[in-house]
Every structure is written in structure tokens, then in C-alpha cells.
Q: 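Structure in C-alpha cells, see below.
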Amino acid sequence: MAETTKTADSAKTAPVAWRRAGVERRSTRAWRVRGSAVIVALVVLAVLLVPPLVQLDEQAVDLAAKLQPPSLAHPFGTDDVGRDLLLRCVYGLRVSLLVGVVAAVVATVIGTAVGAAAAASGGWFDRVVMRLVDLFSSVPHLLLGIFIVAMFSPGVWPVVISVALTHWLSTARIVRSEVLSLRSRPYVDAAISGGASRWRVAVRHLLPGVLPQAGLAAVLMVPHAIWHESALSFLGLGLPTHQASLGTLVQAARGSLLAGDWWPTLFPGLFIIVPTLAIAGLAGAWRERLNPRRRSELML
């Protein structure tokens, strides 16, 4: 009798515990999304407001103040030629964010066009296009990006082209699968039965259905584009060394780190990691809203 009572009590308390755990998970997720939103908002404000409001030259050299540790005058310290690291990091984030956003948009447009065209056409065209996507996907992004950048002189636009041409492949696959799913919908069959051309069906019925997924792919691509630009600039193949970007700042700080000065490396590294993780966190929340059944999957 006692064992039966304990079993009944445990059966009653189990749903309560599950509900409590679910509430805690949702609360943690909500706080994570709010924190990511605050970080992204601060990044946008810093990128937009600091350069016009702070009337200082981020390239100004002051050898008397070189390699000063963080202080009230220089919250992030100074680099090896006396330039303020906080201002340099903001300008570097501005350039890296510009490269990431533009490259993500261009890659999303290319991937959406290729994926939609392949799925809407079908047949041999679809097979050939997807085999080409598989072929390019087999080559590491960084290796292919180095090959593309090496054909141009260092600058912003070669990096944008490199990142865009190496990151549209996943978007093409996503858009293709979405279009194939939409093609089986009744309203698409009705449009085809009514005599609508393939182009009209693709533009009026299929493309609007894949725009949310394409937008999500673009947002998720921004952190990858920033990391890609930072890696290329760190290797000396991206932006020129005199131009502030997060990759060039980390590359220029290697000698200071070996000498025991940690701040020229730490703060640019944090400017790479924290904003990109915040953007990825917001994109993850968006992905859960679009497809709640696939919360455990990470589309990168």
C-alpha cells in the first residue's frame, strides 16, 4: 500500500517537475536573447555614433604613449605606436561589420537565385547545379577564399567578393529544399493548372515563401563573414595592414603579446567574439520561431 502511494505521488510530481524545467529553459533562453539584442544594439550605436562624435584621428601616432595599459585616458590601452585601442577597435569593428553584412547579402542573393532556379526548373538542370554545389562545397572555405583574394590587391572589395563566393552554397541548398517543399502545395498546383508560366510561379508563389529562410541564412552568415575577413586579414591577404579591421589589429598585436603586453590582442579578439556570438544568438531565436521543431539543430 505504501509503495502504491509513493508511485502515485511520484506520478503527480513528475509533470510538475517537467513544467518547471520547461519554464526555466524558456526563461534562460529569453535572457540570452535579450542579452544578445543589447549587445547588437550597442555595437550598432558604437559603429554609427563614435566616428562622427569623437573628433580624433584613429591613425594618429603618439610614440610617447605607446603600449600604455588600460587606464581612464585609454580604457583599452594603446598599441605599439601610441594609438588609442578603443577607437581602433570601434573603427575595426565598423570595417569588419561592413564587410560581413555586404558579403552576407551578396551571398544570400546568389544562393537564393541558384537554389530557386534549380528547384523550379528541375530535371537535368537541377542535377547539374546541385552537383556543382557539392563540388565547391568539398573545398574548404578558407582555402578557396585565399585563392580568390590572392588574385586581387589587398582591399575591402576583394574580401567581400571572396566571402560572398564561398558562402552562398549553404543558402542554395536551403532555398532549393524550401522551393521543392512549396512546389507540392495546392495553390502552386492551381497556378500551374491555370496556365501560369514557370517564371510567374517562381516569382509570385515560390520566392515569397523562401524569403524568411533566406533572410535567416543572411543573418547567420554575418558572423561567418566577419570571422572569414578576420582570418584573411590576420594572414595578410585581406585588408591592408594600415587599415583598421579586427583581423589586422590582432595580426599587428602578435609582437606585443610575445613581449607580455596582453591588451592589444585581448580587446580586438573580444570585439570579434562577443558581437558575432550575439548576432548568432539572435539568429538562433529567429530560427526557433520559424521552425520550433528543429530547435536542437544549428544551421551554419
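Here the structure is a predicted model, which means the values were calculated and not measured. Counting begins at 1 with the first residue of the sequence.
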Q: Check Ala278 against Val40 and note the closest heavy-atom contact, atom names and distance.
A: CB-CG2, 3.9 Å
Q: Roughly how far, to the nearest 0.5 Å, is the CH2 atom of Trp124 from the CG atom of Asp126?
A: 11.0 Å
Q: Could you tell me if the side chain of Ser36 sits less than 4.5 Å from the side chain of Ile279, heavy atoms only?
A: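 In short, these two side chains do not touch, never coming nearer than 4.5 Å.
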Q: Check the hydrophobic clustering (I, L, V, M, F, W, Y; side-chain heavy atoms under 4.5 Å; chains of links allowed) and say if Leu180 and Ile174 are grouped together.
A: no
Q: For the backbone of Val109 and the side chain of Thr112, can you confirm whether one donor and one acceptor N or O come within less than 3.5 Å of each other?
A: no
Q: Can you tell me if CH2 on Trp262 sees more than 12 non-hydrogen neighbours from other groups inside 6.0 Å?
A: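 Yes, the 6.0 Å shell around CH2 holds more than 12 heavy atoms from other groups.
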Q: Decide yes or no for Leu232 and Leu142: does some side-chain heavy atom of the first lie under 4.5 Å from some side-chain heavy atom of the second?
A: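 Yes, their side chains come closer than 4.5 Å.
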Q: In the single-linkage hydrophobic clustering (I, L, V, M, F, W, Y; side-chain heavy atoms under 4.5 Å), do Val274 and Leu220 co-cluster?
A: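 Same cluster.
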Q: Might you point out which heavy atoms bring Pro275 and Ile39 nearest each other, and give the distance in Å?
A: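 Looking at all heavy atoms of both residues, the closest pair is CA-CG2, 4.4 Å.
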Q: Can you give me the closest heavy-atom contact between Val175 and Ala116, atom names plus distance?
A: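 The pair with the smallest heavy-atom distance is CG1-N, 3.6 Å.
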Q: Measure the shortest side-chain to side-chain distance between His74 and Leu86 over non-hydrogen atoms and say whether it is less than 4.5 angstrom.
A: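 When only atoms from C-beta onward are counted, Leu86 and His74 do not touch, as no gap falls below 4.5 Å.
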Q: Let me confirm one number: the CD1-CZ distance from Ile161 to Phe152, rounded to the nearest 0.5 Å.
A: 5.0 Å
Q: If you define the side chain from C-beta out and look only at heavy atoms, does anything of Trp263 sit under 4.5 Å from Asp261?
A: yes
Q: Look at the side chain of Thr276 and the backbone N and O of Ile273, then say whether any donor-acceptor pair between them is shorter than 3.5 Å.
A: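 Between the backbone of Ile273 and the side chain of Thr276 there is a qualifying donor-acceptor contact (under 3.5 Å).
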Q: Under the side chain to side chain contact (heavy atoms under 4.5 Å, CB included) test, which residues partner Ile110, sequence neighbours left out?
A: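 Applying side chain to side chain contact (heavy atoms under 4.5 Å, CB included) to Ile110 gives Val106, Val114, Leu165, Trp168.
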Q: How far does CZ of Arg88 sit from CG of Asp79, to the nearest 0.5 angstrom?
A: 6.0 Å
Q: Any chance you could measure Phe271, atom CZ, to Leu93, atom CG, to the nearest 0.5 Å?
A: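 These two atoms lie 6.5 Å from each other.
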Q: Using modelled atom types and a 3.5 Å cut-off, is there a donor and acceptor pairing between side-chain atoms of Ser162 and backbone atoms of Pro158?
A: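 Absent.
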Q: For a 4.5 angstrom cut-off between non-hydrogen side-chain atoms, does Gln213 reach Leu216?
A: yes
Q: Does a donor on one side chain sit under 3.5 Å from an acceptor on the other, for Thr248 and Ser245?
A: yes
Q: Are Val219 and Leu42 joined in one hydrophobic group, where the rule is that I, L, V, M, F, W and Y side chains link up if heavy atoms are under 4.5 Å apart?
A: no
Q: For Ala104 and Thr108, which heavy atoms make the closest approach, and how far apart are they?
A: O-OG1, 2.7 Å
Q: Do the side-chain N and O atoms of Ser96 and Glu229 include a donor-acceptor pair separated by under 3.5 angstrom?
A: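 Distance-only check passes for Ser96 and Glu229.
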Q: Provide the closest heavy-atom pair for Pro70 versus Pro75 in the form atom of the first, atom of the second, distance.
A: CB-O, 3.1 Å
Q: Applying the 4.5 Å side-chain criterion to the ILVMFWY set and letting contacts propagate, would Val90 and Leu246 be lumped into a single cluster?
A: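 Yes; tracing contacts between hydrophobic side chains, which count when under 4.5 Å, links both residues.
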Q: Is the shortest side-chain heavy-atom distance between Pro140 and Leu144 below 4.5 Å?
A: no
Q: For Val133, does its backbone N or O pair with a side-chain atom of Ser137 as donor and acceptor, under 3.5 Å?
A: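 Present.
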Q: In Å and rounded to the nearest 0.5 Å, what is the CZ to CG distance from Arg83 to Leu87?
A: 11.0 Å
Q: So, for Ile272 and Trp227, which heavy atoms are closest and what is the spacing to 0.1 Å?
A: CG2-CD1, 3.7 Å
Q: What I'd like to find out is whether the side chain of His228 reaches to under 4.5 Å of the side chain of Val99, using heavy atoms alone.
A: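 They are not in side-chain contact.
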Q: Salt bridge between Asp134 and Arg173, side-chain N to carboxylate O under 4.0 Å?
A: yes
Q: Are Val139 and Val159 connected, step by step, through hydrophobic side chains (Ile, Leu, Val, Met, Phe, Trp, Tyr) whose heavy atoms are closer than 4.5 Å?
A: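 Same hydrophobic cluster.
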Q: As an exercise, state the distance from CG of Leu67 to CG of Leu85, rounded to the nearest 0.5 Å.
A: 9.0 Å
Q: Within the structure provided, determine whether Arg94 and Val47 are in side-chain contact (heavy-atom separation under 4.5 Å).
A: yes
